Amino acid sequence: MAVIEYLLLGALIVCAVAANVTQKLLPTILIYMVFSVIMSILWLILQAPDLAITEAAVGAGVDTVIFLLTLKGINQLKGTGDRK
Amino acid sequence: MNKLLSLYRRLEAWVEGDAPAAPAHSAPPPPPAPAQAGPAPLRTLARRFNAPHSRMGRLTFHLMSVMACVVFSLVMLYTVSELPLFGEPTNPTDNELSARYIEQGMKEVGAANLVTNMILVYRGFDTYGESCVLFLAATCVIMLLGTDQNNTTAKDLRIRAEDAQIEREERSVILQGVVRFIMPLAMMFGLYILFNGHLSPGGGFAGGSVLGGTLILCDNAFGAQQVQRFFNETIYRFVKIGALVLYAALICYTIFAGANGLPSVFGPGTAGRILSAGITMPINVAVGLEVACTMYSFYAFFSKGEL
Amino acid sequence: MAFWQQLQFNHFQAAAVILYVLGMTGMRFNRNLIKKIVSMGFMDSAIYLFLTSSGFVAGHVPPIVTDPSVSPSVEVYSNPVPTGLVLTGIVVSVSVTAFSLALTQRLYKKYHSLDIDEILMLAKRGDD
């Protein structure tokens, strides 16, 4: 069990570093989504199933959708910009 | 008063003086800030960081921020190393408060989910404020992104119409098939979490998010017209405000009856039954509807500027 | 060494602190507004992780009564208070994220840039 905890916590930190280092915006947001999924597994380990459900629905679902729609709104997604 | 004003001016000058790194195509640098009257160290700092092309000043500033981050992390890690051990039952966080919630919560309120007991009844007013935060956030998003004359040009409208055209012509068959299969299940799961929140993990926030996600999925697969058949702006307003008012009425009644020692019509009931735990199930439903409406309105206003 | 040993015991809190500092660094050094918002999300999650890990009790079960005929006792269930606090916090953080993203879209519409320094400079020039 302890090994899984260390792996997941390490993955969290790797995600946080990678999101800061990445240059493009789309990978940053996908990394943020991965971060939320890992977080929801950690909530289960920490005896908080309420949080796990909420985080999986909110962090990985609605949050990512809003971020992607913002990217579309500011023409940073491929194929949505450059229209006169 | 005068003194305060001058202090504010000085602070403003100092904050504003943090000159941005000028991009290549920028206009000539702004004139250096006039000398401010003030204590010497502040003035020196202001002059150092005000100089727009001072490489030295920028470097110092960056170095100082790196130093601040490193020092902060070291201090915090040292603090963590002094904290009580993780997972011990004798930690100071596991005090009489949590003991009271665990031992008396089910007897007094009646819900088997002790977290729901805590956030919806003992701290119901707190959660009510939190629902108001959701309401306000949705209102702000509507104000900022809703389609009106101030923030939408003809070009935006044209692009939006083109997008809608493309979407209508190129609906993905795979997405529609998958959603047709998944959507009833997801909606049922959301309603289950909502209505069973006082007996199992979940509750208003989780169930509302799942319901909102289902609506977003339906909108993505079948288009806004299909969603508007059962969820248009009138229903949205009615549900959103009605849920908040229902929550307010329930929590006010509970506080009134509890504070005056009156017998409440919402008794605790038999723990473990679906119709138990008094006001927690109606409040869960109210919170869930509020959250679902908020999530769907975020999606709608971010994607097309109207519901 | 006592320091490292203690950090190993409190590994959840240590990871939360590191995440918080990473988010803070991102907020300071990224000039892109969207990356700033993502960094703010990391800071949020770090605080939630810290709070929830303080409510964990080893060997106990989540605070949900499965057998209502037995009176619940402190020896069985873990602490429900941090869970309740964080549950509301997660949903509020989504609202904050949506609000700041809406503001970002409006800023982009006006200044056609996501760089905070450029936006500040253009705004200052517009004021004069």
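All of these numbers come straight from a predicted model, not from anything done at the bench. Numbers restart at 1 for each chain; the letters A, B, ... are given by sequence-line order, proteins then strands.
Between Leu211(B) and Ala292(B), the shortest heavy-atom distance links the atoms CB-CB, 4.0 Å. The two atoms that bring Leu114(C) and Ile119(C) nearest to each other are C-CD1, 4.2 Å, heavy atoms only. Among all heavy-atom pairs drawn from Val81(C) and Asn79(C), the shortest one is N-OD1, 3.2 Å.
Both the backbone and the side chain of Val66(B) come within contact range of chain C, judged by heavy atoms closer than 4.5 Å. Both the backbone and the side chain of Val57(C) have a heavy atom closer than 4.5 Å to some heavy atom of chain B. Heavy atoms of Leu103(C) lying under 4.5 Å from chain B belong to its backbone as well as its side chain. In this structure, chain C has a heavy atom under 4.5 Å from the side chain of Met118(B), while its backbone stays farther away. Neither the backbone nor the side chain of Ile90(C) comes within less than 4.5 Å of any heavy atom of chain B. Contacts of Tyr78(B) with chain C are made by both backbone and side-chain atoms, with heavy-atom separations under 4.5 Å. In this structure, the portions of Pro201(B) lying under 4.5 Å from any heavy atom of chain C include both its backbone and its side chain. Proximity to chain C (any heavy atom under 4.5 Å) is restricted, for Met143(B), to the backbone atoms N, CA, C and O.
Between chain B and the options Gly84(C), Gly55(C), Ala16(C), Pro82(C), the largest number of non-hydrogen pairs under 4.5 Å is found for Gly84(C). For the options Val291(B), Leu144(B), Leu134(B), heavy-atom pairs under 4.5 Å to chain C are most numerous at Leu144(B). Of the listed residues (Phe302(B), Phe301(B), Phe205(B), Phe298(B)), the one with the most heavy-atom contacts under 4.5 Å to chain C is Phe302(B). Listed options Leu83(B), Thr116(B), Leu97(B), Ile119(B) were ranked by heavy-atom pairs under 4.5 angstrom with chain C; first place goes to Leu83(B). Heavy-atom pairs under 4.5 Å with chain B peak, among Arg28(C), His60(C), Gln13(C), at Arg28(C). Annotation: maximal heavy-atom pairing with chain C below 4.5 Å, among Leu145(B), Thr294(B), Val115(B), Ile102(B), occurs at Ile102(B). Considering only heavy-atom pairs separated by less than 4.5 Å from chain B, the leading option among Val21(C), Thr88(C), Leu22(C) is Thr88(C).
No donor-acceptor pair closer than 3.5 Å links the side chain of Tyr77(C) to the backbone N or O of Ala99(B). With hydrogens and angles disregarded, no donor-acceptor distance shorter than 3.5 Å links the side chain of Lys240(B) to the backbone of Phe135(B). Asn113(B) contributes a side-chain N or O that, together with a main-chain N or O of Ser200(B), makes up a donor-acceptor pair within less than 3.5 Å. In this structure a side-chain-to-backbone donor-acceptor pair under 3.5 Å is missing from Asn30(C) to Asn32(C).
A heavy-atom distance below 4.5 Å is found between the side chains of Asn117(B) and Leu114(B). The closest side-chain heavy-atom distance from Leu244(B) to Ser131(B) is below 4.5 Å. Contact of the Tyr101(B) side chain with the Arg123(B) side chain is registered, since non-hydrogen atoms from C-beta on lie closer than 4.5 Å. Proximity of Phe29(C) to His62(B): side-chain heavy atoms (C-beta onward) are separated by under 4.5 Å at one or more points.
Evaluation of the ring-ring contact (aromatic ring centres under 6.0 Å, His included) rule for Phe9(C) yields no partner, not counting sequence neighbours.
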- List the steps, then state whether side chain to side chain contact (heavy atoms under 4.5 Å, CB included) holds for Tyr247(B) with Thr127(B). CA-CA 10 Å; Tyr247(B) 190 170; Thr127(B) 313; 3.2 Å; yes
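Residues of residues 37-51 of chain C that come closer than 4.5 Å to chain B, counting heavy atoms only, are Phe50(C), ordered by residue number.
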